[in-house]
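The structure under discussion appears below in the form of structure tokens.
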Amino acid sequence: MAANYTQPAEQLYRYALSKGASSEFIGEGIQDLNDFLTVFPDHLQATSMRQLLQSSLTSTVVSNPTARTRG
């Protein structure tokens with residue numbers, strides 16, 4: 001994303017979610033985006049992708065209460 005490849009990055013995240021990515025994978029993606037946003041705090045696409053993953057993780061945990069995430 002730092003090289004302005006935001007569209008392919010978002011497409012990959014959406015593809016992974018559509019294929020049923022595990023809560024562990026989603027959590028790692030959120031952490032990666034948190035790290036990125038530490039360096040680029042005003043990056044709107046990264047913020048949007050993090051929200052996408054967080055909402056997906058929330059719906060995964062709600063639909064599967066035994067799902068675990070990295071802490």
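Keep in mind that the numbers below use all heavy atoms, side chains included, and drop hydrogens, waters and symmetry copies.
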**Q.** Flag side-chain contact, heavy atom, 4.5 Å: Leu53 against Leu57
**A.**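 Counting from C-beta outward, Leu53 and Leu57 never come under 4.5 Å.
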
Q: Mind listing the closest non-hydrogen atom pair of Ala21 and Phe25 along with its distance?
A: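 The pair with the smallest heavy-atom distance is CB-CD2, 3.5 Å.
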
**Q.** Least distance between heavy atoms, Leu37 atom then His43 atom
**A.**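 Reported closest heavy-atom pair: CD2-O, 3.7 Å.
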
Q: Kindly compute the distance separating CD1 (Ile30) from CE (Met49), expressed to the nearest 0.5 Å.
A: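 Result: 13.0 Å between the selected atoms.
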
Q.
Quick check for you: to the nearest 0.5 Å, what is the distance between Leu33 atom CG and Gln45 atom CD?
A.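 These two atoms lie 11.5 Å from each other.
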
Q: State which residues pass side-chain contact (heavy atoms from CB on, under 4.5 Å) with Leu52; sequence neighbours excluded, sorted by chain then number.
A: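 side-chain contact (heavy atoms from CB on, under 4.5 Å) check on Leu52 returns Arg14, Leu17.
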
